[in-house]
Asker: 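Sending over a structure as structure tokens; questions will come in a sec.
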Amino acid sequence: MHYMRMKKIFFLGLLSLLAFMACDKNEEGDIKDTIGEVSIENLPVMDCSTSTQPLTTILTSHLLKIPYTWWENQFLDGIMYARLDYSKCNISEEQKALLDKKLNCSTTHGSYTNLIEGNVDLIIASRYSSRDENELAQQKNVKLLQKPIAKDAFAFIVNSQNIVKDLTVEQIRKIYTGEITNWKEVGGNDAPINAYIRDANSGSQEKMETMVMEGLDMIKSEELITHGMSGPYFQLRFDVNGISYSPYYYYNIMAANYQNGVSAIKINGISPDNISNGSYPFISEIYTAIRADEPSNSLAHKIYDYLTTSNAAPIITESGYIPLK
């Protein structure tokens, strides 16, 4: 087994041990001291981005005192997710079915759309709402409350056999505007650059357009569009001349098994794991959101308030994200 994969699985195992305390036992700094009693029946309906699925599950684990475990989704070639471990608690099949309906993972755009349309009560997303989502909210006469709760990095990934391990911000922008088209122009082999992009309205594509490109017109090629969080990883494992982008959390935690063939590169000489010190050029934030008309005494509003305070830092750390200072 690859060393990095072993290291990552060991790390995830240590995190999940914190949840195996058994149901109904109180923890120091218990969430219910702030939020009150939470049950499967009164738990708000929640949604999330693909990359924030572990955080949403771990939060639910603490809210309900149901342990969780990490598991590899074999249909997605070993992508790691967190899931509640019902075997540790006395929960009926009806309660499991109800909880499954209350925990959704509809992608970033899907979760915002569900929140705006009133299908869910609270979301944890990889970014702030997009232009299209804000337009939908305006059409529906809905206002959102959104606050950052954690930090992540926006990473650029290549095939591990690519000799280019470092690019500047300017080089990234020129690659994705089509000004740089060959790896030899940035110190690599004499080969065309296949610059993969994400589908419109995905969390990654919105971050790329706003945070990295800052309004510059990106290359447009249907052949280079990848779908879903794992899409870029599937492509890059077999394309030594490819480049794409991904939330660093997804790369570092959820897609750890892909590190045999896909590597995150440095930007301006700085690795994307430099999140806490703020030196990496592309540091992003994870958001939680509710509708503005959500009653202030509702459980959804209380969880929203809890997540936006330092009290939530231990849970955010446990998930593998970096808490806000």
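The shown structure was predicted, so the numbers you read here are calculated from the model rather than taken from an experiment.
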Asker: What ring pair (Phe, Tyr, Trp, His ring centres under 6.0 Å) pairs are there with at least one residue in residues 38-58, not counting sequence neighbours?
Answerer: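 Output for this query is empty, none listed.
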Asker: Are Ile116 and Tyr304 connected into the same hydrophobic cluster when the rule is that any two of I, L, V, M, F, W, Y join if their side-chain heavy atoms are below 4.5 Å apart?
Answerer: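 Different clusters: Tyr304 never reaches Ile116 through Ile, Leu, Val, Met, Phe, Trp or Tyr contacts under 4.5 Å.
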Asker: Can you confirm whether Gln138 is buried at CD, in the sense that more than 12 heavy atoms of other residues, nucleotides or ligands lie under 6.0 Å from that atom?
Answerer: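 No.
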Asker: Quick check: are there more than 12 heavy atoms from other residues, nucleotides or ligands sitting under 6.0 Å from CG of Asn141?
Answerer: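 Result for CG/Asn141: open.
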Asker: So that I can tick it off, tell me whether Lys174 and Glu170 are bridged by a salt bridge, with the cut-off set at under 4.0 angstrom between side-chain N and carboxylate O.
Answerer: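 Salt bridge: yes.
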Asker: If you count every heavy atom of other residues, nucleotides or ligands that lies below 6.0 Å from Glu117 atom CD, does the total exceed 12?
Answerer: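 Yes, the 6.0 Å shell around CD holds more than 12 heavy atoms from other groups.
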Asker: Testing the basics here: between Trp183 and Gly242, what is the closest heavy-atom pair and its distance to 0.1 Å?
Answerer: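 Closest heavy-atom pair between Trp183 and Gly242: CZ2-O, 3.8 Å.
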Asker: So for atom CD, which belongs to Gln161, do other residues, nucleotides or ligands contribute more than 12 heavy atoms lying within a distance under 6.0 Å?
Answerer: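 No, the 6.0 Å shell around CD holds no more than 12 heavy atoms from other groups.
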Asker: Distance from His227 atom NE2 to Gln235 atom CD, nearest 0.5 Å?
Answerer: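 That separation rounds to 10.0 Å.
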Asker: Just by modelled atom types, is the Ser130 backbone N or O under 3.5 Å from a matching donor or acceptor in the Glu133 side chain?
Answerer: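 Confirmed, Glu133 side chain pairs with Ser130 backbone.
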Asker: Considering the options Ser129, Ser204, Ser202, Ser126, which one meets the side chain to side chain donor-acceptor pair (under 3.5 Å) requirement together with Thr108?
Answerer: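 That would be Ser126.
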Asker: Between atom CG of Leu145 and atom CG of Asp305, what is the distance when rounded to the nearest 0.5 Å?
Answerer: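 With rounding to 0.5 Å, CG (Leu145) is 9.0 Å from CG (Asp305).
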Asker: Looking at Arg291 and Leu115, would you say the former's side chain and the latter's main chain have a donor-acceptor pair under 3.5 Å?
Answerer: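 Confirmed, Arg291 side chain pairs with Leu115 backbone.
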Asker: Determine, stepwise, if the pair Asn114 / Asp47 fulfils side chain to side chain donor-acceptor pair (under 3.5 Å).
Answerer: CA-CA 8 Å; Asn114 281 334; Asp47 210 338; 2.9 Å; yes
Asker: Any donor and acceptor pair, going by atom type alone, linking the side chain of Asp121 with main-chain N or O of Ala300 inside 3.5 Å?
Answerer: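 Judged by distance alone, no pair lies under 3.5 Å.
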Asker: Without swapping roles, check the side chain of Gln205 against the backbone of Arg198 for a donor-acceptor pair under 3.5 Å.
Answerer: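 Pair found, side chain donor or acceptor close to backbone of Arg198.
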Asker: Following the transitive rule for hydrophobic clusters with a side-chain heavy-atom cut-off under 4.5 Å over Ile, Leu, Val, Met, Phe, Trp and Tyr, establish whether Leu299 and Ile123 coincide in one cluster.
Answerer: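 As far as the 4.5 Å side-chain criterion goes, Ile123 and Leu299 are not connected within one cluster.
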Asker: For a side-chain contact (heavy atoms from CB on, under 4.5 Å) with Glu285, tell me which candidate from Ile149, Asp152, Ile322, Leu324 qualifies.
Answerer: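 Between Glu285 and the candidates, side-chain contact (heavy atoms from CB on, under 4.5 Å) is satisfied uniquely by Leu324.
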Asker: In sequence, state the C-alpha distance, the side-chain angles, and the governing distance for Tyr233 and Tyr250, and then conclude on ring pair (Phe, Tyr, Trp, His ring centres under 6.0 Å).
Answerer: CA-CA 11 Å; Tyr233 294 85; Tyr250 190 86; 5.6 Å; yes
Asker: Between Tyr245 and Tyr176, does the ring pair (Phe, Tyr, Trp, His ring centres under 6.0 Å) criterion hold? Intermediate values first, please.
Answerer: CA-CA 11 Å; Tyr245 37 84; Tyr176 276 97; 5.5 Å; yes
Asker: Hey, is Glu214 close enough to Arg173 for a salt bridge, meaning N to O under 4.0 Å?
Answerer: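 Salt bridge present between Glu214 and Arg173.
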Asker: Same cluster or not: Tyr128 versus Ile275, using hydrophobic residues (I, L, V, M, F, W, Y) connected whenever any side-chain heavy atoms lie under 4.5 Å apart?
Answerer: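 No, Tyr128 does not connect to Ile275 through the hydrophobic network.
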Asker: Atom CG of Asp85 and atom CH2 of Trp71: how far apart are they, to the nearest 0.5 Å?
Answerer: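 So the gap between those two atoms works out to 13.0 Å.
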Asker: Measure across Asn268 and Pro281 and return the closest heavy-atom pair with its distance rounded to 0.1 Å.
Answerer: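 It is ND2-CG, 4.0 Å.
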Asker: Hey, are Glu93 and Lys96 close enough for a salt bridge, meaning a charged N less than 4.0 Å from a carboxylate O?
Answerer: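 Salt bridge present between Glu93 and Lys96.
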Asker: Nearest 0.5 Å, please: how far is NZ in Lys140 from OG1 in Thr113?
Answerer: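 Output value for this atom pair is 10.0 Å.
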Asker: Please round to the nearest 0.5 Å and tell me the distance separating atom CD1 of Ile290 and atom CE of Met46.
Answerer: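 Answer for the CD1-CE pair, Ile290 versus Met46, is 13.0 Å.
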Asker: Working to the nearest 0.5 angstrom, can you tell me the gap between Met208 CE and Leu216 CG?
Answerer: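 Interatomic distance, Met208 CE to Leu216 CG, rounded to 0.5 Å: 9.5 Å.
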Asker: Can you tell me if NZ on Lys266 sees more than 12 non-hydrogen neighbours from other groups inside 6.0 Å?
Answerer: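 Incorrect, the count does not exceed 12.
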